[in-house]
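This is the structure, below, for whatever I ask next.
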Amino acid sequence: LVIDLDRVVATDSASSSLVLQNGDMLLIPKRSQEVTVIGEVQNATSHLYRSGLSRDDYIALSGGSTRKADTKRTYIVRANGSVVSAENSRWFARGSQVAIKPGDTVVVPLDTERLPTLPLWQAITQIVYNLAIAAAAINSF
């Protein structure tokens, strides 16, 4: 469970929606100093955080995206578990201009709508072949 601990601590315990029971544990991870890039990139890896670098800069540090990448749907998973994507940005704002923070993970997803070339041409030639057979059958009457 990911919680906004600052908000929970700032509110008094009586009005907090967080209820702890015996045996519950709060684990607060150490502050992260890296940005991880995973998915359809040449070299999925972690980089030391440097202020001023954008999402696309970190992708470039990982060798760039692969041909199978869906770069328009690249998103960022924050260290607190929240997700920031290009669809969440304002109109006319570029998704790559989202501020990167230490501990973020940049995810470059696979383009699932992309049809590989060989199966595409196999399907096309199968259709053309079936049309030719049908035309030959009609002409034989």
Side-chain angles (χ1 to χ4, degrees), residues 1-140:
L1 176 66
V2 178
I3 62 171
D4 185 356
L5 191 56
D6 293 331
R7 185 182 56 79
V8 171
V9 171
T11 61
D12 67 25
S13 59
S15 65
S16 176
S17 61
L18 180 66
V19 178
L20 296 176
Q21 300 175 355
N22 285 341
D24 287 349
M25 293 174 36
L26 288 178
L27 299 175
I28 302 172
K30 63 180 178 70
R31 186 166 294 271
S32 185
Q33 294 183 1
E34 73 274 348
V35 173
T36 304
V37 182
I38 61 173
E40 290 299 315
V41 292
Q42 300 296 334
N43 186 26
T45 188
S46 293
H47 305 280
L48 191 60
Y49 171 77
R50 289 187 283 177
S51 64
L53 292 183
S54 69
R55 176 195 76 178
D56 292 339
D57 292 333
Y58 283 105
I59 292 171
L61 288 172
S62 293
S65 57
T66 65
R67 291 187 308 151
K68 295 187 259 179
D70 189 352
T71 55
K72 293 180 182 173
R73 291 196 173 103
T74 299
Y75 58 94
I76 299 165
V77 180
R78 298 276 188 214
N80 67 2
S82 63
V83 176
V84 179
S85 66
E87 286 106 23
N88 292 344
S89 62
R90 299 176 312 226
W91 286 356
F92 306 112
R94 295 192 44 172
S96 63
Q97 294 177 347
V98 173
I100 300 292
K101 300 176 182 177
D104 285 354
T105 299
V106 178
V107 182
V108 182
L110 175 68
D111 186 359
T112 57
E113 296 174 2
R114 182 174 180 262
L115 188 60
T117 309
L118 183 60
L120 172 67
W121 285 107
Q122 284 176 335
I124 290 172
T125 56
Q126 184 69 33
I127 292 168
V128 171
Y129 173 77
N130 287 338
L131 288 173
I133 295 296
I138 289 173
N139 287 337
S140 68

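The structure displayed is predicted, hence computed values, not measured ones. In what follows, every heavy atom counts, from backbone to side chain, and hydrogens, waters and symmetry copies are set aside.
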| query | Pairs in or reaching into residues 37-50: which pass side chain to side chain donor-acceptor pair (under 3.5 Å), with residues at least two apart or in two chains? | reply | Thr36-Ser46, Glu40-Thr66, His47-Ser62
| Which atoms form the tightest heavy-atom contact between Ser32 and Pro102, and what is the distance? |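 It is O-CB, 3.1 Å.
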| remark: Rounding to 0.5 Å, atoms CD1 (Ile59) and OG1 (Thr71) come to a distance of 8.0 Å
| field | Exercise: do Asp56 and Ser54 side chains pair donor with acceptor under 3.5 Å | value | no
| field | Contacts of Asn130 that satisfy side chain to side chain contact (heavy atoms under 4.5 Å, CB included) - sequence neighbours left out | value |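 Partners of Asn130 under the side chain to side chain contact (heavy atoms under 4.5 Å, CB included) test: Gln126.
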| field | Pairs involving residues 99-110, ordered by first then second residue, that meet salt bridge (charged side-chain N to carboxylate O under 4.0 Å, His left out) (sequence neighbours left out) | value |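 Applying salt bridge (charged side-chain N to carboxylate O under 4.0 Å, His left out) to every pair that reaches into residues 99-110, excluding sequence neighbours, yields Arg78-Asp104.
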| query | Taking C-beta and beyond as the side chain, do Ile76 and Val98 meet within less than 4.5 Å on heavy atoms? | reply |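 They are in side-chain contact.
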| Would the number of heavy atoms belonging to other residues, nucleotides or ligands and lying under 6.0 Å from CD of Gln33 be above 12? | no
| query | Nearest 0.5 Å, what's the CD1-CD1 distance between Ile138 and Ile133? | reply | 12.0 Å
| said: Checking side chain to side chain contact (heavy atoms under 4.5 Å, CB included) between Ile100 and each of Asp57, Val35, Leu53, which is the one that passes? | reply: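 In the set Asp57, Val35, Leu53, the residue that makes a side chain to side chain contact (heavy atoms under 4.5 Å, CB included) with Ile100 is Val35.
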| side chain to side chain contact (heavy atoms under 4.5 Å, CB included) against Asp70, all qualifying residues, sequence neighbours excluded |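 Lys72, Arg73, Pro109, Asp111.
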